[in-house]
Every structure is written in C-alpha cells, then in structure tokens.
Amino acid sequence: MQNYHKEIRIMVIILFGGLLSSCKNESSQNMAQAAPQYPVLKITEAPTTLQRKYPAVIQGEEDIEIRPRIDGYLQKIYVEEGSRVKKGDLLFKIDAPQYNEVVKAAQSAVKNAELKVQKATPLVEEGIINQYELDAAKLDLEAQRASLAQAQANQGYTFIKSPVDGVVGAIPYRTGSLVSPQVVAPLTVVSDIDNVKVYFSMDEKEYLEFYADHEGNSVDDKLKSFPKVKLQLSDGSILESEGEITAIGGLLNQQTGSARLTAVFPNANQRIRSGGSGKILIPQSFSSAIMVPQKSTFELQDKRMVYKVKDDRVFTSEIKTMPTTVDNKFVVTEGLSEGDIIVFEGAGTLRDSLQIKPNIITQ
C-alpha cells in the first residue's frame, strides 16, 4: 500500500514538472515572438578618404583697382563690364581741358628759358656777364622742363589704361560723371584670373592637427607636402583642375581663433570670376576607419549616440565622430570597436534594455 502511494506521488511530481517546463518553454517562445525585429549592423574597419570642406572666397591673382589721378568729367568709357583687356588697353578718357592749358604754358616757359641760356652763353664767353648768370639761366631751364614733364604727365592721366591683362569688373560710373582721386569707389577693377586665389580658414585646433600631420621642418616644406585640393563652386559642381595650398596666414584671427590659408587654382577657361564663393575640399585618408550611417545615430544632450546590441538587448552608447561625413556616413573616432553590433535604423522607437530580435544586414 505504501508503495502504491509512493508511485502516485512520483507520477504527480513528474506531471507537474512537465507542465511547469511546458509553461516555461511556452512563455519563452511567446517572449521571443513578442520581441520586435530590428536590422543591425556589425562594425568593421576599412580604409577610407574624407573630403573636408571649408567655406571659401575667390579672388583673381591680381585685382587692380582703377582710380583717376586727376579731377575731371568722365568723357568716354572704352570697355564694358566683363570684357577681356590686355595691358595698355584704353579704359577711360577724362575731360580735363585745364591740363592742356597747363602743358601749353609750360612749353612756352621752357622755350623762354632756352632762349635765355642761348643768349647768355656768348655773353659769358665775351666777358660781358659773369658765369653766375649763365648758371642761373640753366637752373631755370631745368626747372621749367621739370614743370613741363609734370604737366604732360597730368595730361596723360586723362587717358586711363589697363595696367595688367585681365577682366573688367563693375563700372559704377557713367559718361559725364565727375571723378577725382578722392572718389570712394574705383572706376572699375581689372582682375587677372588666369589663376585664382581661394581663401579659406581652419579653426586653430584643426589647423594645428593638419599642420602636424604633414612632413617638413619649415612652412615651405609643409606647403610642399600638403595634398592637392579641389574647389566646389556655388552651384555644387567641382572644378576640373586641382589647386595647391600656397600660403598660411602669419596670424590667427583673434575674434574667431582661425588660421587663414590660400590655395591657387588654374583658370585657363575663365570659368571662375573674382568675387565668387565656394568650398575647398581637402582629402584626408585613413588606412583603417570605422564608419556608421548617419541614420544609425541620434543626438542626446549635444552628444552623438548609437544603440549597441548585447545579448539581444539594446543599450545607448556615446560615440565621437569626425565633423565631415562621407556618403552620409560618420567616421567614428571613439566609442566603437570592430565586431560591435549596433542598431542600423529605427533608433527613435527604442529604449535602454529593450529586448529585440536582431537581423544582421550587410552594406
């Protein structure tokens, strides 16, 4: 009888244990089925090249302001805005008749002085007058010739010619305008744009890192080792020709803490005009870099975050990235290692410690 009861108890325990195990399995299956599925990305390292971008302004290799050197009325304009000119080409004519009168008076004074020298010379030889009077006549002749030269120079300033080969800029004056050396705006600007200078700035920290990353013991050595750069124009297109960084400003801007750099680009087809804007693109190569898509990250209190996956649960993790992106991806400098798994997209619907069903994708 005792054996019978014992067998009954054993059977009850086995049945209860089986029922409990079945419930646990069913509960695990239900939890697994309830966990949402998310695409995840396994982190790998690979070589890559960044294009750092810097806002830039464009100027001609030479931008020469054309200003009047005398007072007068603008009599004639020989060029149009945007026209190509050669050195010595006539640009403007100033009507200033007073300078013609000054030249005539100076010419007359020179002739009179020459006559005095001619008359005094034989008189000195004959002893009628002393040498002092002849020397004074010669000095007066030199002074009158100098006055004539100055008058002729002023007369020449009525014709304004281009000092360089280049392209004519804006012409703010019209025929009949009164002009003088004191005018605020120049008559125009002639820009030599066969090559253009492009000015851009880096903040102090970035500049020091850029400077240290390249070989050389002097500024000239560093300039030679800097990479070729590209120019992105305001319409988004990239200039075909590459440029070279040719100069680094001697002083940091005290207000912005930035260093000014200059790059020179060939502009044989005259596509770029002085006064334009664009962006300098500087390549930065990494032999091994971790990259994550922008959509895999989110911002939290000015920090960039991702969701790491561990044991099928997600946890927020801060990462540090380069400021420039490549194909909508960040280059990660801190916070991730090769082999880590992060949520690929959908971070806005997650919370810490949430269990998910990871679906690993490849890019």
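Residue numbers run from 1 in the order of the sequence given. Side chains included, hydrogens not; waters and symmetry mates left out as well; all remaining heavy atoms used. This one's a predicted model, so the numbers in the text were calculated from it and none came from an experiment.
To the nearest 0.5 Å, atom OG of residue S274 and atom NZ of residue K197 are 11.0 Å apart. Here the straight-line distance linking atom NZ of K119 with atom CD1 of I129 works out to 11.5 Å at 0.5 Å rounding. Between atom CG of residue L261 and atom OG1 of residue T246 there is a gap of 9.0 Å, rounded to the nearest 0.5 Å. For the atom pair NZ (K42) and CG (D340), the distance works out to 10.0 Å, reported to the nearest 0.5 Å. In this structure, CG in L336 is found 5.5 Å from NZ in K308, a value given to the nearest 0.5 Å.
Exactly one residue among I66, T188, V189 makes a side-chain contact (heavy atoms from CB on, under 4.5 Å) with I171. That residue is T188. In summary, of the residues considered (I94, I70, L90), a side-chain contact (heavy atoms from CB on, under 4.5 Å) with I160 occurs for I94 alone.
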Indicate every side-chain donor-acceptor pair of residues 199-207 with a distance under 3.5 Å to a residue at least two apart or in another chain.
from : atom 1 : to   : atom 2 : distance (Å)
D203 : OD1    : K205 : N      : 3.2
D203 : OD1    : E206 : N      : 2.8
K205 : NZ     : E209 : OE2    : 2.7
E206 : OE2    : R52  : NH1    : 3.1
E206 : OE2    : Y54  : OH     : 2.7

Identify each donor-acceptor pair in which a side-chain atom of residues 263-271 lies under 3.5 Å from a protein atom, sequence neighbours left out, and give them as a table.
from : atom 1 : to   : atom 2 : distance (Å)
N267 : OD1    : R271 : N      : 3.2
N267 : OD1    : I272 : N      : 3.1
N267 : ND2    : I193 : O      : 2.9
N267 : ND2    : I272 : O      : 2.9
N269 : OD1    : R271 : N      : 3.1
Q270 : OE1    : R84  : NH1    : 2.9
Q270 : NE2    : D194 : OD1    : 3.0
Q270 : NE2    : N267 : O      : 3.3
R271 : NH1    : E240 : OE2    : 3.4
R271 : NH2    : S237 : OG     : 2.7

For residues 43-50, which side-chain donor-acceptor pairs fall under 3.5 Å, sequence neighbours excluded?
from : atom 1 : to   : atom 2 : distance (Å)
E45  : OE1    : S288 : OG     : 2.6
T49  : OG1    : S285 : OG     : 3.3

Distance-only donor-acceptor hits, side chain of residues 98-108, under 3.5 Å, sequence neighbours excluded:
from : atom 1 : to   : atom 2 : distance (Å)
N100 : OD1    : Q155 : NE2    : 2.7

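Annotation: side chain to side chain donor-acceptor pair (under 3.5 Å) contacts involving residues 212-223, sequence neighbours excluded, comprise S218-D221. The ring-ring contact (aromatic ring centres under 6.0 Å, His included) analysis of residues 277-328, with sequence neighbours excluded, yields the pairs F298-Y307.
Contact check for L41 versus V292: no side-chain heavy atoms found under the 4.5 Å cut-off. In this structure, Q294 and K329 have side chains that are not in contact, with every pair of non-hydrogen atoms separated by 4.5 Å or more. Looking only at side-chain heavy atoms (C-beta outward), I248 and L223 come within less than 4.5 Å of each other. Side-chain contact between V85 and V168: present, with at least one pair of heavy atoms (C-beta onward) separated by less than 4.5 Å.
Take Y38 and apply the ring-ring contact (aromatic ring centres under 6.0 Å, His included) test, not counting sequence neighbours, and it matches no residue. With sequence neighbours excluded, no residue satisfies side-chain hydrogen bond (donor to acceptor under 3.5 Å, both in side chains) with K111. Residues that satisfy the salt bridge (Lys or Arg N to Asp or Glu O under 4.0 Å) test with K224, not counting sequence neighbours, are absent from this structure. R304 meets the side-chain hydrogen bond (donor to acceptor under 3.5 Å, both in side chains) test with T297, E299; sequence neighbours excluded. Applying the salt bridge (Lys or Arg N to Asp or Glu O under 4.0 Å) test to E142 and every residue at least two apart in sequence or in another chain returns nothing. Residues satisfying the salt bridge (Lys or Arg N to Asp or Glu O under 4.0 Å) test with K138, not counting sequence neighbours, are none.
Of all heavy-atom pairs spanning L178 and G72, the tightest one is CD1-O, 3.4 Å.
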